[in-house]
Engineer: 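My structure is below; once you've seen it, I'll send some questions.
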Amino acid sequence: MEQPEGKVGILFELGKAQRNRDDWPDYLQYGFDEGDVDDLLALVTDSSLHKASAGSNEVWVPLHAWRTLGQLGNPRAIEPMIRMFNPLCDDDWALEELPRAVAMIGRGAIGQLTNFMGDSSNDEFAREMAVSALEEIAVRDPSAREEVVAIVTDYLEAPDETATGFNGSAVSTLITLQAQESIDTLRRLYASGNVDIF
């Protein structure tokens with residue numbers, strides 16, 4: 001992809017990112033605003049950028065774009081970014097960062113994340129990204145904790161028996177959120193064998 005002009009072009013110059021979960025650079029310092037959401041989403045979803053040479057600046061552009069979208073917090077970015085969970089679930093950076101970027105947008109993402117998490121046609125690792133985003137929302141916004149715990153607990157009452165790894169991730173979310181109220185559900189889950197112990 002040819003480097004575009006204007007603010008979005010800045011992302012083509014930043015190059016390799018630092019793996020720092022809690023301290024992303026302030027991308028809004030470059031002047032990004034709500035009017036840039038569509039252009040940023042185009043970068044996140046551009047397959048040519050994801051396939052760019054590992055040593056190039058271009059391969060890092062989608063990451064910088066989703067970080068920017070997370071910081072902007074515009075709800076229009078929720079659905080397109082969740083849609084990228086499946087194609088990018090084998091990308092370590094996306095696996096870690098895309099859920100966080102979605103979670104930064106806030107509680108408005110809970111419904112779509114819940115639907116994605118419960119859809120067994122989605123890749124198991126992609127579903128793990130969805131439950132990770134739900135967890136992050138609850139951590140960032142404690143008022144969302146009860147809702148997220150209820151969603152994950154309800155899923156584990158009748159879990160996908162073919163997705164024991166994902167079920168383990170859901171359990172991990174409840175542990176992180178210290179969901180003592182879900183202990184009976186967890187006991188039944190482990191007794192059924194529908195969770196990856198590892």
Side-chain angles (χ1 to χ4, degrees), residues 3-4 6-46 49-50 52-85 87-110 112-113 116-117 125-145 147-149 152 169 172-178:
Q3 179 172 337
K7 285 180 283 186
V8 171
I10 294 169
L11 303 185
F12 284 75
E13 301 171 2
L14 297 179
K16 185 174 181 178
Q18 295 298 311
R19 200 171 211 136
N20 189 333
R21 186 180 187 282
D22 298 315
D23 189 23
W24 289 354
D26 176 14
Y27 291 88
L28 304 189
Q29 67 179 306
Y30 301 116
F32 288 104
D33 57 34
E34 306 300 317
D36 298 306
V37 169
D38 289 336
D39 289 338
L40 290 165
L41 286 171
L43 298 177
V44 171
T45 59
D46 189 327
L49 292 172
H50 292 288
S53 168
S56 68
N57 281 354
E58 286 79 7
V59 77
W60 296 98
V61 170
L63 175 147
H64 294 303
W66 71 54
R67 286 180 171 186
T68 306
L69 286 164
Q71 291 178 0
L72 282 171
N74 189 301
R76 287 195 296 116
I78 294 171
E79 191 275 334
M81 287 206 289
I82 292 175
R83 198 168 60 236
M84 294 305 293
F85 286 2
L88 295 181
C89 65
D90 59 350
D91 179 312
D92 288 343
W93 283 86
L95 198 63
E96 178 181 334
E97 292 207 358
L98 257 182
R100 182 177 182 224
V102 171
M104 290 170 73
I105 298 174
R107 297 183 71 153
I110 289 177
Q112 293 183 60
L113 288 167
F116 189 97
M117 179 190 82
F125 286 109
R127 296 169 76 190
E128 289 184 16
M129 293 170 77
V131 78
S132 176
L134 286 169
E135 177 185 315
E136 182 79 16
I137 289 172
V139 169
R140 297 174 68 86
D141 179 4
S143 71
R145 176 198 172 276
E147 182 179 5
V148 170
V149 167
V152 178
S169 293
S172 178
T173 287
L174 293 180
I175 292 171
T176 298
L177 299 179
Q178 299 181 10

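Computed from heavy atoms alone, side chains included, the values below leave out hydrogens, waters and symmetry copies.
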Engineer: How far apart are the closest heavy atoms of Pro99 and Ala133, and which atoms are they?
Structural biologist: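 Looking at all heavy atoms of both residues, the closest pair is O-CB, 3.5 Å.
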
Engineer: Can you check whether Pro25 reaches His64 side chain to side chain, under 4.5 Å on heavy atoms?
Structural biologist: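 Pro25 does not reach His64 side chain to side chain.
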
Engineer: Decide side-chain contact (heavy atoms from CB on, under 4.5 Å) for Met81 and Leu41; before the verdict, give the C-alpha distance in whole Å, the side-chain angles of both, and the deciding distance to 0.1 Å.
Structural biologist: CA-CA 8 Å; Met81 287 206 289; Leu41 286 171; 4.2 Å; yes

Engineer: Between Ala130 and Phe116, which heavy-atom pair has the shortest distance, and what is it?
Structural biologist: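 Nearest pair, atom of Ala130 first, then Phe116: CB-CD2, 3.8 Å.
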
Engineer: What's the spacing between Thr68 OG1 and Asp36 CG if we round to 0.5 Å?
Structural biologist: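 With rounding to 0.5 Å, OG1 (Thr68) is 9.0 Å from CG (Asp36).
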
Engineer: Spell out, as yes or no, whether a donor-acceptor pair under 3.5 Å connects the side chain of Lys7 to the backbone of Phe32.
Structural biologist: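 No; judged by distance alone, with no hydrogens or angles, the pair does not exist.
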
Engineer: Is there a side-chain contact (heavy atoms from CB on, under 4.5 Å) between Asn57 and Phe12 once you walk through the steps?
Structural biologist: CA-CA 6 Å; Asn57 281 354; Phe12 284 75; 5.7 Å; no

Engineer: Run the side-chain contact (heavy atoms from CB on, under 4.5 Å) test on Leu134 and Thr173 for me, step by step, so that the C-alpha distance in whole Å, both residues' side-chain angles and the decisive distance to 0.1 Å come before the verdict.
Structural biologist: CA-CA 8 Å; Leu134 286 169; Thr173 287; 5.8 Å; no

Engineer: Would a 4.5 Å heavy-atom cut-off, applied to side chains only, mark Arg76 and Asp38 as touching?
Structural biologist: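 Yes, at least one pair of side-chain atoms sits under 4.5 Å.
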
Engineer: So which atom in Leu43 and which in Ala65 form the shortest heavy-atom distance, rounded to 0.1 Å?
Structural biologist: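 Smallest heavy-atom distance, with atoms named: CB-CB, 3.9 Å.
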
Engineer: At their closest point, which heavy atom of Val139 faces which heavy atom of Leu177, and how far apart are they?
Structural biologist: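 Heavy-atom minimum between the residues: CG2-CD2, 4.0 Å.
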
Engineer: Which heavy atom in Ala77 sits nearest to a heavy atom in Ile105, and how many Å separate them?
Structural biologist: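 Minimum heavy-atom separation between Ala77 and Ile105: CB-CD1, 4.0 Å.
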
Engineer: I'd like to know if the side chain of Arg100 and the backbone of Glu136 have a donor-acceptor N/O pair within less than 3.5 Å.
Structural biologist: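 Checking the backbone N and O of Glu136 against the side chain of Arg100, no donor-acceptor pair under 3.5 Å is found.
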
Engineer: Compare every heavy atom of Val131 with every heavy atom of Ser169, then report the nearest pair and how far apart it is.
Structural biologist: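 Closest pair (atom of Ser169, atom of Val131, distance): CB-CG1, 4.2 Å.
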
Engineer: If you round to the nearest 0.5 Å, how far is CE of Met129 from CD of Glu96?
Structural biologist: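 Atom-to-atom, Glu96:CD and Met129:CE are 10.5 Å apart.
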
Engineer: Donor-acceptor check, side chain of Arg145 to backbone of Gln178, threshold 3.5 angstrom: yes or no?
Structural biologist: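 Side chain of Arg145 to backbone of Gln178, a donor-acceptor pair under 3.5 Å: yes, one is there.
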
Engineer: Report the relative orientation of the aromatic rings in Trp93 and Trp60; use parallel for angles under 30°, tilted for 30 to 60°, perpendicular for over 60°.
Structural biologist: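 Aromatic pair Trp93/Trp60 classed perpendicular.
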
Engineer: Rounded to the nearest 0.5 Å, what separation is found between the CD atom of Gln112 and the CD1 atom of Ile82?
Structural biologist: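 The CD1 atom of Ile82 is 5.0 Å from CD of Gln112, to the nearest 0.5 Å.
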
Engineer: Gln71 and Trp24: side-chain donor and acceptor closer than 3.5 Å?
Structural biologist: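 Distance-only check fails for Gln71 and Trp24.
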
Engineer: Say you draw a straight line from CD of Glu97 to CG of Asp92; how long is it, rounded to the nearest 0.5 Å?
Structural biologist: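 So the CD of Glu97 and the CG of Asp92 are separated by 11.0 Å.
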
Engineer: Do the non-hydrogen side-chain atoms of Leu11 and Tyr27 ever get within less than 4.5 Å of each other?
Structural biologist: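 When only atoms from C-beta onward are counted, Tyr27 and Leu11 do touch, with a gap below 4.5 Å.
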
Engineer: What's the verdict on side-chain contact (heavy atoms from CB on, under 4.5 Å) for Asp91 and Leu98, showing C-alpha distance, side-chain angles and the deciding distance?
Structural biologist: CA-CA 10 Å; Asp91 179 312; Leu98 257 182; over 6 Å; no

Engineer: For Ser143 and Arg107, does a side-chain donor sit closer than 3.5 Å to a side-chain acceptor?
Structural biologist: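 The answer is yes; a qualifying pair exists.
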
Engineer: Do any N or O atoms from the side chain of His50 and from the backbone of Thr45 form a donor-acceptor pair under 3.5 angstrom?
Structural biologist: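 Checked: no pair found.
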
Engineer: To the nearest 0.5 Å, how far apart are CG in Leu69 and CG in Asn74?
Structural biologist: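 Between Leu69 CG and Asn74 CG, I get 8.0 Å after rounding to 0.5 Å.
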
Engineer: Find the distance between NZ (Lys16) and OG (Ser56) and round it off to the nearest 0.5 Å.
Structural biologist: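 Separation between the atoms: 12.5 Å.
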
Engineer: Please answer whether the main-chain N or O of Glu128 pairs with a side-chain N or O of Ser132 as donor and acceptor at a distance below 3.5 Å.
Structural biologist: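 Between the backbone of Glu128 and the side chain of Ser132 there is no qualifying donor-acceptor contact (under 3.5 Å).
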
